[in-house]
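Report on the structure given below.
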Amino acid sequence: SILYALLWDIIYSPPEGSEIYGVFMSPYQEAPLDWRTPNFYERRKTHITKRLQEIKEMSPEQIIGEVMQVEEAHVNESCVINWSCISRDNIKLLTNYLSCIGVALFVQIGEHIIKDVDHNAKGFPDLIVWNIAKKQVD
């Protein structure tokens with residue numbers, strides 16, 4: 001959900017006139033028509049790569065700040081994000097998670113997931129233990 005929030009504009013605002021324009025047939029649609037297909041990543045590869053590079057340069061606090069801006073603007077919309085995972089109640093938890101896992105690893109995992117959401121978003125460990133004092137994942 002953190003990743004999807006950071007990629008909100010790429011997922012939900014394809015540029016008019018681009019090859020990905022027209023993937024939304026209804027304002028009530030939860031995801032673009034090509035979501036969970038290999039075409040999703042391929043058609044947006046340039047934009048996704050650029051955005052992931054921007055994210056790599058951010059601190060955990062900056063990342064969560066952007067996620068909270070997306071949450072504030074879109075929390076009541078039907079979308080691919082599980083809002084309960086990234087609610088304002090979880091800011092400290094999310095920031096600690098990103099501090100421990102590291103932004104670079106978060107981006108690597110995110111890139112792997114977004115390349116094939118249908119297959120790669122499944123099976124991520126349900127349990128991750130991190131040590132806040134050591135800033136590492138155990």
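As the structure is a prediction and not an experimental result, all values here were calculated from the model.
- Atom CD1 of residue Ile48 and atom CD of residue Glu111 lie 9.0 Å apart, to the nearest 0.5 angstrom.
- Taken to the nearest 0.5 Å, the OG atom of Ser99 stands 5.5 Å off from the CD atom of Glu61.
- Ile114 places a side-chain heavy atom less than 4.5 Å from the side chain of Phe40.
- Between Thr95 and Pro60, the closest heavy-atom pair is O-CB, 3.9 Å.
- Of all the heavy atoms in Ser87 and Met68, the pair that sits closest is O-CE, 4.1 Å.
- Taken to the nearest 0.5 Å, the CD1 atom of Ile64 stands 11.0 Å off from the CZ atom of Arg88.
- Within the model, atoms CD1 of Ile55 and CG of Leu6 stand 4.5 Å from one another, a figure rounded to the nearest 0.5 Å.
- Of all the heavy atoms in Cys100 and Ile132, the pair that sits closest is SG-CA, 3.8 Å.
- Residues Leu94 and Ile63 are not in side-chain contact: their nearest non-hydrogen atoms beyond the backbone lie 4.5 Å or more apart.
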List the steps, then state whether side-chain contact (heavy atoms from CB on, under 4.5 Å) holds for Ile109 with Ile101. CA-CA 10 Å; Ile109 293 168; Ile101 196 170; 3.7 Å; yes
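- Within the 4.5 Å cutoff, the side chain of Trp8 has heavy atoms near those of the Cys79 side chain.
- Counting only heavy atoms from C-beta outward, the side chains of Lys92 and Tyr97 never approach each other to under 4.5 Å.
- Under the side-chain hydrogen bond (donor to acceptor under 3.5 Å, both in side chains) test applied with His74, the options Glu77, Glu72, Glu71 reduce to a single match, Glu77.
- Taking 4.0 Å as the cut-off between side-chain N and carboxylate O, Glu66 and Arg51 count as a salt-bridged pair.
- The aromatic ring centroids of Phe24 and Tyr12 lie less than 6.0 Å from each other.
- Looking at every heavy atom in both residues, Arg36 comes nearest to Val117 through NH1-O, 3.5 Å.
- Note that OG1 of Thr37 and CD of Glu42 are 10.0 Å apart. Values are rounded to the nearest 0.5 Å.
- Taking CG of Asn82 as the start and SG of Cys85 as the end, the distance is 3.5 Å to the nearest 0.5 Å.
- The shortest heavy-atom contact between Arg44 and Asp34 is NH1-OD2, 2.7 Å.
- In this structure a side-chain-to-backbone donor-acceptor pair under 3.5 Å is missing from Glu57 to Glu54.
- Two residues are said to be in side-chain contact when any heavy atoms from C-beta on lie closer than 4.5 Å; His47 and Lys50 fail this criterion.
- Aromatic rings of Trp35 and Tyr4 (six-membered ring for Trp) have centroids within the 6.0 Å cut-off, being under it.
- When all heavy atoms of Asn90 and Ser84 are compared, the pair lying nearest together is ND2-O, 3.2 Å.
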side-chain contact (heavy atoms from CB on, under 4.5 Å) for Leu3 and Ile11? Distances and angles first, verdict last. CA-CA 11 Å; Leu3 174 70; Ile11 296 169; over 6 Å; no
